[in-house]
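Encoded as structure tokens, the structure appears first; notes follow it.
Every value quoted in this text rests on a predicted model; they were computed, and no experiment measured them. Naming: A, B, ... by sequence-line order, numbering from 1 per chain. Keep in mind that the numbers below use all heavy atoms, side chains included, and drop hydrogens, waters and symmetry copies.
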Amino acid sequence: MPKFYITTAIPYASQRPHIGNTYEAIFTDAVARYHKLVGDDVYFLTGTDEHGLKVERAAEKAGVTPQQFVDGVTADLRSIWDMCMVEYDDFIRTTETRHKETVKKMFKRLFEQGDIYKGAYEGWYCIPDEAFHTESQVVKGETGNLCPDCGRPVEWTSEEAYFFRLSAYAERLEAHIEANPAFIQPDNRKNEMLNGYIKPGLQDFCVSRTSFKWGIEVDFDPGHVMYVWVDALSNYITALGYDPGGNHGELFSKYWPCDVHVLGKDVLRFHTLYWPGMLMALGIPLPKQVFGHPWLLMGGDKMSKSLGNVIYAPELIEKYGVDCTRYYVLREMPFARDGSITREQFVSRCNTDLANDLGNLASRSITMAEKYFDGNVSPETTPQNEVLTLCAASREQYRAAMDKLAMQTAVTEAMAPIVRANRFIDETMPWVLAKDESKAEDLRHVLYTLLETLRAASVLLYPVMPLAMGRLRAQLGLPEIPVWDEPAPDGFSVKRGENLFPRIILEEAET
RNA sequence: CGCGGGGUAGAGCAGUCCGGUAGCUCGUCGGGCUCAUAACCCGGAGGUCAGGGGUUCAAAUCCCCUCCCCGCAACCA
């Protein structure tokens with residue numbers, strides 16, 4: 001049984017995750033569920049990045065300790081992941097002892113072997129805010145540069161800091177990226193990494209600070225705490241029981257290297273340059289693939305608090321259900337280009353695809369099966385027709401797309417037979433066949449075709465909508481959880497239940 | 001000369017790599033059906049494919065130029 005290790009990036013625990021962040025977890029979950037479906041030994045890791053200045057500040061503002069603060073954010077995040085039916089195997093928090101202890105050892109080892117060195121971090125420093133800003137961040141004022149946060153003057157300041165010697169790995173990184181076309185996905189991002197960062201000259205990056213306290217201590221140099229990269233990125237191996245001394249846990253030996261790191265396009269750089277650089281330094285194999293997914297935009301705009309256009313998953317789930325929410329983001333997000341969500345688009349997509357096409361097909365098919373055959377549809381011979389041929393084709397297309405992480409294509413392929421089957425009903429007119437007793441076997445063939453189409457779809461769409469597909473399968477008289485090679489049954493014994501996807505009525509006030 | 005992504009029917013998009021009667025979804029108009037969640041099925045209208053020039057028998061698609069929009073600052077994936 002092939003193993004499949006997949007991760008999300010770990011969201012920063014400074015605030016509640018919105019639907020865009022949540023999309024990443026849902027996407028990763030769907031991929032993980034797909035791999036379980038086809039029989040892989042899947043390990044799915046997610047978690048939270050809980051250190052750093054912003055958390056320290058947010059906690060202060062909230063009047064709680066940083067630990068109390070991240071405890072709250074992480075609990076909320078986990079409840080959102082649960083509502084979204086994101087079923088991870090492990091959840092790592094960077095404030096956990098198991099993580100911190102390993103990271104300290106890693107940091108020390110990297111320092112001892114010369115991959116981490118002490119230097120100076122320079123930048124524009126805002127004294128009242130106690131924060132550094134880069135040249136591009138500061139606001140140009142009449143009397144000098146100003147803090148982008150508070151508007152007060154900033155000073156060019158230097159601070160002692162440790163750096164990771166990424167420059168030493170530039171050639172190896174470039175060679176690896178060139179030699180492994182699948183390493184960076186989507187493809188166009190590969191050139192961006194090569195041309196935008198490696199070729200102009202890779203800079204060493206800062207891995208410690210002395211200007212804030214909320215971080216993992218550099219134990220051989222009190223006063224320094226780790227700054228994001230070594231701390232956060234290493235979660236992918238600390239969670240598996242990696243040991244810088246070589247005494248790895250069972251999970252690490254079994255699941256590393258990672259099959260795919262799923263993350264947002266904005267942090268692709270850190271995962272394709274910084275992280276591999278660190279792994280090379282530690283002598284660990286690189287992840288097989290890093291996928292930088294596009295962003296979910298609110299209409300055409302970036303989702304942001306300041307624009308006040310942020311949507312959170314719980315709100316959608318409470319109103320429209322977990323299946324619609326998952327379906328929307330997975331169906332709507334392209335592979336390489338930003339997707340979009342608005343309430344109108346959401347409602348339209350769910351009504352059209354789920355209520356009108358899929359839900360209604362289930363409803364009319366199962367109702368007819370009960371009406372004409374008391375729910376037992378067992379034809380004497382197995383029908384063969386265009387619809388069933390399409391089912392087989394869609395299954396292959398779906399699989400090919402899923403293996404490439406082309407979720408939108410996979411979902412669209414899975415839905416194709418549903419649309420075809422609705423037409424099939426009009427073509428065959430089962431209500432006419434039902435009036436002629438000599439056509440009973442024909443009628444059975446029609447209904448079997450419809451039910452079998454629904455069964456096939458329930459398998460493909462299970463990773464996307466586990467709850468609704470489980471319900472559909474129950475109505476079809478099938479086990480709730482499908483397997484990829486589930487054979488088409490000789491006959492169906494169905495029982496109608498609640499409508500799977502009630503139509504959503506969008507009220508004026510909600511738009 | 002900063003980098004990148006876009007500009008195709010009212011809306012959202014595919015097609016552009018590998019030139020050959022312009023396609024999908026939604027909306028709209030007309031028709032059909034009655035098994036179904038006012039759902040489903042069929043048909044119509046609607047586009048000088050941002051603009052200009054070039055190559056070609058033929059360009060949304062290849063080449064050159066111009067214009068416009070969106071990211072690359074921030075909370076943020």
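- Rounded to whole Å, the distance from CG on A:Asp187 to P on B:rG5 is 13 Å.
- Take A:Arg395 and apply the side-chain contact (heavy atoms from CB on, under 4.5 Å) test, not counting sequence neighbours, and it matches A:Leu460, A:Trp484, A:Asp485.
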(request) Sugar-phosphate atoms are those with a prime plus P, OP1 and OP2; base atoms are the rest. Using that split, label each nucleotide of nucleotides 23-33 of chain B B, S or - for protein heavy atoms under 4.0 Å, 5' to 3'. (result) ---S-----BS

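- Between A:Tyr88 and A:Phe44, the ring-plane angle classifies as perpendicular under the 30° and 60° cut-offs.
- The stretch residues 17-25 of chain A touches RNA chain B through A:His18, A:Gly20, A:Asn21, each having a heavy atom under 4.0 angstrom from the strand.
- Partners of A:His271 under the side chain to side chain donor-acceptor pair (under 3.5 Å) rule, at least two apart in sequence or in another chain, are A:Tyr236.
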List the atom pairs, with distances to 0.1 Å, where a side-chain N or O of residues 79-87 of chain A and a protein N or O form a donor-acceptor pair under 3.5 Å, not counting sequence neighbours.
from: A:Ser79; atom 1: OG; to: A:Asp76; atom 2: O; distance (Å): 2.8
from: A:Trp81; atom 1: NE1; to: A:Thr46; atom 2: OG1; distance (Å): 3.4
from: A:Glu87; atom 1: OE2; to: A:Arg33; atom 2: NH2; distance (Å): 3.4

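- Annotation: A:Lys495, atom NZ; neighbour count of heavy atoms from other residues, nucleotides and ligands within 6.0 Å does not exceed 12.
- For the C1' atoms, the distance linking B:rC67 with B:rG27 amounts to 30 Å, nearest Å.
- Ring geometry, A:His293 versus A:Phe27: the interplanar angle falls from 30° to 60°, so the pair is classed tilted.
- For A:His445 and B:rC35, the NE2 to P distance is 22 Å, given to the nearest whole Å.
- The main-chain N or O of A:Ile10 is never found under 3.5 Å from a side-chain atom of A:Asp49 such that the two would form a donor-acceptor pair.
- Looking at residues two or more places apart in sequence or on another chain, you find a side-chain contact (heavy atoms from CB on, under 4.5 Å) between A:Ala58 and A:Phe69.
- Partners of A:Asp426 by side-chain contact (heavy atoms from CB on, under 4.5 Å), not counting sequence neighbours, listed by chain and number: A:Arg364.
- Residues from residues 359-373 of chain A that place a heavy atom under 4.0 Å from any atom of RNA chain B, listed by number: A:Gly359, A:Asn360, A:Ser363, A:Arg364, A:Thr367, A:Met368, A:Lys371, A:Tyr372.
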(request) Could you provide the dot-bracket string of RNA chain B, using ( ) for intrastrand pairs, [ ] for crossing pairs and | for bases paired to another strand, with Watson-Crick or G-U pairs below 3.5 Å? (result) .(((((((.[[[[.)....(..]]]].(((((.......))))).....[[[[[..)....]]]]])))))).....

(request) Please lay out, stage by stage, how A:Phe291 and A:Phe335 fare under the test ring-ring contact (aromatic ring centres under 6.0 Å, His included). (result) CA-CA 10 Å; A:Phe291 173 54; A:Phe335 180 69; 5.1 Å; yes

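- Evaluation of the side-chain contact (heavy atoms from CB on, under 4.5 Å) rule for A:Pro383 yields A:Pro379, A:Asn385, A:Leu388, A:His445, A:Tyr448, A:Thr449 as partners, not counting sequence neighbours.
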Check: protein-nucleotides 43-46 of chain B nitrogen or oxygen pairs below 3.5 Å:
none

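- A:Thr48 and A:Thr74 form a side-chain donor-acceptor contact under 3.5 Å, judged by distance and modelled atom types alone.
- Every side chain to side chain donor-acceptor pair (under 3.5 Å) that A:Thr367 has, sequence neighbours left out, goes to A:Arg496.
- For the pair A:Asp338 CG and B:rC69 P, the interatomic distance rounds to 19 Å; values are reported in whole Å.
- Between A:Tyr23 and A:Tyr328, a ring centre-to-centre spacing not shorter than 6.0 Å is recorded.
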(request) Just do the side-chain hydrogen bond (donor to acceptor under 3.5 Å, both in side chains) check on A:Tyr372 and A:Arg444 with the steps written out, would you? (result) CA-CA 9 Å; A:Tyr372 303 141; A:Arg444 266 191 285 270; over 6 Å; no

